[in-house]
Amino acid sequence: MGMNTGERIKQARLAAGLTQTELADKIGVKFSAVHKYESGKVVNLKRETLAAIARTLNVSESWLLCLEQEEGRAPARDIDLIYDALNDSGQKELCRYGRYLTGLADYQAEDAQPQITYIRHYLVPAAAGYASPIEGEEYEEIPLPADAPADADFCIDIQGDSMEPYIRNGQRVYVKRGAPLKEFEPGVFFVDGDVFCKQFCPGYGGEIYLLSANPNRQDANITISRESGRNCVYFGKVLLRQKLPKPQYQ
């Protein structure tokens, strides 16, 4: 079975070296809209949106609609006229099944692509020293780099210097969701509406210490006692190549 329109948008975007956010900026929509196009949640694209995507990714609208003419197959009809003449339901079906409507169902050679593994990249950074407000679970699907941990569930960018020199400001870290944390291992935590990257340390009295690896940033440590009433949720373990030592503050 060949690709649908959403899968073709993703293929062309990756070939152009663009993230979902970058494509969204170029065509004037929110990044979440591009995510919906590629995942198939929105398949009856507006004509101007389809044209903008094709122009930006340097492909034809008919290719995005899976209606390109192939040798030995029935020629694609005038796509512009067909698409404009259909109602919303018809446009939806054309985007999803256009390949079959033009007798191209058996042609799959152009769809042969190497398998790509994707990972969820959260767009709100995790603070390493200062709070970073949550703005909803906004994310994009990006190709998993070859040197990234294969067992990571998502990645997030770090903001601040409290985890240096092990995790630097602006560094992208890969996280295993819900993995057990040992003492002084780094994790991503949600505390009172903010996301933090810290070393975990349990206290003898049931309290939790979220510690800075940077010896000069003890001021950014977080203490959560049972009586504090603070809300703390553990997201996952930060996957690093080296084991972090116990912090030594000056």
Side-chain angles (χ1 to χ4, degrees), residues 1-123 137-146 148 150 152-155 174:
M1 183 175 183
M3 292 189 294
N4 58 33
T5 295
E7 292 166 332
R8 289 212 169 185
I9 292 174
K10 176 183 283 188
Q11 177 184 321
R13 174 178 61 78
L14 294 175
L18 298 177
T19 65
Q20 289 181 331
T21 300
E22 289 169 338
L23 176 57
D25 289 341
K26 289 179 179 294
I27 65 175
V29 300
K30 294 182 178 180
F31 96 94
S32 57
V34 174
H35 177 70
K36 290 178 180 179
Y37 301 157
E38 294 186 356
S39 64
K41 294 181 180 179
V42 175
V43 294
N44 53 330
L45 299 177
K46 293 181 179 179
R47 178 62 197 289
E48 56 268 26
T49 302
L50 183 70
I53 293 173
R55 182 170 59 253
T56 301
L57 300 180
N58 196 30
V59 295
S60 68
E61 294 175 41
S62 57
W63 184 85
L64 289 177
L65 292 172
C66 308
L67 294 171
E68 285 287 326
Q69 179 178 344
E70 302 297 342
E71 184 177 357
R73 302 291 174 179
R77 292 163 289 180
D78 190 330
I79 306 308
D80 294 348
L81 294 176
I82 295 172
Y83 194 81
D84 289 341
L86 294 173
N87 59 21
D88 288 347
S89 177
Q91 290 177 352
K92 180 177 179 179
E93 295 304 303
L94 183 62
C95 287
R96 182 173 292 171
Y97 303 114
R99 166 180 299 276
Y100 299 95
L101 297 177
T102 54
L104 304 179
D106 296 331
Y107 187 83
Q108 299 184 22
E110 65 177 359
D111 293 339
Q113 296 291 325
Q115 184 67 33
I116 300 176
T117 301
Y118 293 90
I119 189 168
R120 181 172 294 188
H121 170 227
Y122 283 94
L123 301 181
E137 288 197 358
E138 293 194 343
Y139 64 90
E140 62 180 350
E141 298 285 343
I142 63 173
L144 181 68
D153 294 311
F154 67 90
C155 59
Y174 294 85

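We count residues from 1, following the sequence as given.
Distance CD/Gln11 to CD/Glu38: 11.0 Å, rounded to 0.5 Å. Between the OG1 atom of Thr21 and the NZ atom of Lys30 there is a distance of 13.0 Å, given to the nearest 0.5 Å. Between the NZ atom in Lys26 and the CG atom in Leu23 there is a gap of 9.0 Å [rounded to 0.5 Å]. With values rounded to the nearest 0.5 angstrom, Trp63 atom CH2 is found 9.5 Å from Thr5 atom OG1. In this structure, CD1 in Ile9 is found 11.0 Å from OG1 in Thr56, a value given to the nearest 0.5 Å.
Between Phe31 and Thr19 there is no side-chain heavy-atom pair separated by less than 4.5 Å. Between Glu141 and Arg120, the closest side-chain pair of non-hydrogen atoms falls below 4.5 Å.
Side-chain polar atoms of Ser60 and Ser62 form a donor-acceptor pair below 3.5 angstrom.
For His121, the side-chain contact (heavy atoms from CB on, under 4.5 Å) criterion is met by Leu123, Glu140, Ile142, Cys155, Asp157, Arg172, not counting sequence neighbours. Residues passing the side-chain contact (heavy atoms from CB on, under 4.5 Å) test with Ala16 are Leu18, Leu57, sequence neighbours excluded. Every residue two or more places apart in sequence or in another chain that forms a side-chain contact (heavy atoms from CB on, under 4.5 Å) with Thr49 is listed here: Tyr37, Lys46, Ile53.
Across all their heavy atoms, Ala12 and Val59 have their closest contact at CB-CG1, 4.2 Å.
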